[in-house]
Asks: 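First the structure, which I've put down as structure tokens, then a few questions once you've had a look.
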Amino acid sequence: MKIVEAPSGWPVNEEEALAVQDELRARVVLDEPGPPVGTGLVTGVDVAYDDDRDVVAAAAVVLDAETLTVVEEATAIGRITFPYVPGLLAFREIPTVLAALESLTAGPGLVLCDGYGLAHPRRFGLASHLGVLTGLPSIGVAKNPFVFTYGELGPERGDVAPLLADDGEEVGRALRTQQGVKPVFVSAGHRVTLDSACAHTLRLAPEFRVPQTTRRADALCRRALAEATGV
DNA sequence: GCGACAG
DNA sequence: ATCTTGTCGC
């Protein structure tokens, strides 16, 4: 399999990355409701790293949104070209994720990312960035609250609490997807509303805390990394 | 200056 | 993210 390299002009340091975020953030669309829940296709993307070898594996798994069965899977192997910096995660992941998405036959439909969208220091997290570059509706689902705070939420599946920035703005939502488990943290990426993002996330997590899209993509990119790196 | 900080 | 054993539970 071909090794994905960052496109020419891709940021190589923090200063360039911040400038790119500052420019692209204006292209995020937030006034579209997004696709209806439970219909069409929904795609999960995730990556796994081998920092010692500078290798990153990305996976895209397309699910039927109604049945949550796998429609198609794709992977890509890339070279790590950017360090992990909180707030700049997209620059580490996106080139390889894009390659995986582009090799799909089926239209990705709605894309779910492992990380944040609007809930980001500059309101332009991974999910928003990927959405703007592809034009696809996207959602960010993260497993911890990052730099944000959230209030108490009920113990039942579907219970929510606003995810708040320093200035009190609701940048996302803590969402309990299973009774008695820690919530996940949902934010709009591109071309979806927060309400819609939460509804999709809940629908995609009928059995576990993390949505099926993310679980499937996580398992697949680990497999791809092991095959590319291991024996 | 120090600590915290998606994956 | 990743490094890692056993262990509790469906």
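Just so we're on the same page: letters track the sequence lines, and every chain starts at 1.
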Asks: Could you write out DNA chain C as dot-bracket? Rules: Watson-Crick or G-U wobble, both distances under 3.5 Å, brackets [ ] for crossings, | for pairs with another strand, dot for unpaired.
Replies: ..........
Asks: Could you tell me how far apart Arg53(A) (CZ) and dT2(C) (P) are, to the nearest whole angstrom?
Replies: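 Spelled out: CZ on Arg53(A) to P on dT2(C) is 14 Å.
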Asks: Name the stems with DNA chain B in them: runs of three or more consecutive Watson-Crick or G-U pairs, distances under 3.5 Å?
Replies: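 For DNA chain B no paired stretch is long enough to count as a stem (3 pairs minimum).
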Asks: In this structure, are over 12 heavy atoms from other groups packed under 6.0 Å from Glu169(A) atom CD?
Replies: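 More than 12 heavy atoms, drawn from other residues, nucleotides or ligands, come within 6.0 Å of this atom.
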Asks: Among residues at least two apart in sequence or on other chains, which ones pass side chain to side chain contact (heavy atoms under 4.5 Å, CB included) with Thr75(A)?
Replies: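 Here the qualifying residues are Met1(A), Ala59(A), Leu220(A), Ala224(A).
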Asks: Suppose we screen for side chain to side chain contact (heavy atoms under 4.5 Å, CB included). Which residues come up paired with Thr39(A), at least two apart in sequence or across chains?
Replies: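 With neighbours one apart ignored, the set is Pro36(A).
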Asks: Indicate yes or no: at least one non-hydrogen side-chain atom of Glu14(A) is less than 4.5 angstrom from one of Leu88(A).
Replies: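 In contact.
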Asks: In chain order, what residues pass the side chain to side chain contact (heavy atoms under 4.5 Å, CB included) check against Leu153(A), with sequence neighbours excluded?
Replies: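 Per chain and number, Leu153(A) pairs via side chain to side chain contact (heavy atoms under 4.5 Å, CB included) with Tyr150(A), Ala161(A), Ala174(A), Arg176(A), Pro183(A).
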Asks: For Glu152(A), enumerate each residue passing the side-chain hydrogen bond (donor to acceptor under 3.5 Å, both in side chains) test, keeping only those at least two apart in sequence or located in another chain.
Replies: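 Once residues adjacent in sequence are excluded, Glu152(A) has no partner under the side-chain hydrogen bond (donor to acceptor under 3.5 Å, both in side chains) criterion.
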Asks: What string of B, S and - do you get for nucleotides 1-7 of chain B, 5' to 3', when a contact is any protein heavy atom under 4.0 Å?
Replies: ----BBB
Asks: Sugar-phosphate atoms are those with a prime plus P, OP1 and OP2; base atoms are the rest. Using that split, label each nucleotide of nucleotides 5-10 of chain C B, S or - for protein heavy atoms under 4.0 Å, 5' to 3'.
Replies: ------
Asks: Using links of under 4.5 Å between side-chain heavy atoms of ILVMFWY residues, direct or through other members, which residues join Val29(A) in one cluster?
Replies: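 Members besides Val29(A): none; it forms no cluster.
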Asks: To the nearest angstrom, how far is Arg222(A) atom CZ from dT2(C) atom C1'?
Replies: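 Taking CZ of Arg222(A) and C1' of dT2(C), I get 9 Å after rounding.
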Asks: According to side chain to side chain contact (heavy atoms under 4.5 Å, CB included), who are the partners of Arg215(A), at least two apart in sequence or on a separate chain?
Replies: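 Side chain to side chain contact (heavy atoms under 4.5 Å, CB included) list for Arg215(A), sorted by chain: Phe208(A), Val210(A), Gln212(A).
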Asks: For a side chain to side chain contact (heavy atoms under 4.5 Å, CB included) check, start with the C-alpha distance between Val56(A) and Arg79(A), then their side-chain angles and the critical distance, and finish with the verdict.
Replies: CA-CA 6 Å; Val56(A) 53; Arg79(A) 202 126 272 157; over 6 Å; no
Asks: Indicate every side-chain donor-acceptor pair of residues 93-121 of chain A with a distance under 3.5 Å to a residue at least two apart or in another chain.
Replies:
| from | atom 1 | to | atom 2 | distance (Å) |
| --- | --- | --- | --- | --- |
| Glu93(A) | OE2 | Tyr49(A) | OH | 2.8 |
| Ser103(A) | OG | Ala100(A) | O | 2.9 |
| Thr105(A) | OG1 | Glu72(A) | OE2 | 3.3 |
| Asp114(A) | OD1 | Lys143(A) | NZ | 2.8 |
| Asp114(A) | OD2 | Lys143(A) | NZ | 3.2 |
| Tyr116(A) | OH | Asn144(A) | O | 2.8 |
| His120(A) | ND1 | Arg122(A) | N | 2.9 |
| His120(A) | ND1 | Arg123(A) | N | 3.4 |
| His120(A) | ND1 | Phe124(A) | N | 3.2 |
| His120(A) | NE2 | Gly87(A) | O | 2.7 |

Asks: Going by ring pair (Phe, Tyr, Trp, His ring centres under 6.0 Å), name the pairs with one or both residues in residues 57-101 of chain A, residues two or more places apart or in two chains.
Replies: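 Pairs touching residues 57-101 of chain A that pass the test: Trp10(A)-Phe91(A), Phe82(A)-Phe91(A), Phe91(A)-His129(A).
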Asks: Between Val37(A) and Leu194(A), is there shared hydrophobic-cluster membership here, with clusters defined by ILVMFWY side-chain heavy atoms closer than 4.5 Å?
Replies: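 Per the 4.5 Å side-chain linkage, Val37(A) and Leu194(A) are not co-clustered.
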Asks: Rounded off to whole Å, could you give me the CG-to-P distance for the Leu225(A) and dT2(C) pair?
Replies: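 After rounding, the reported distance stands at 7 Å.
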Asks: Is the number of heavy atoms from other residues, nucleotides or ligands under 6.0 Å of Glu16(A) CD greater than 12?
Replies: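 Yes.
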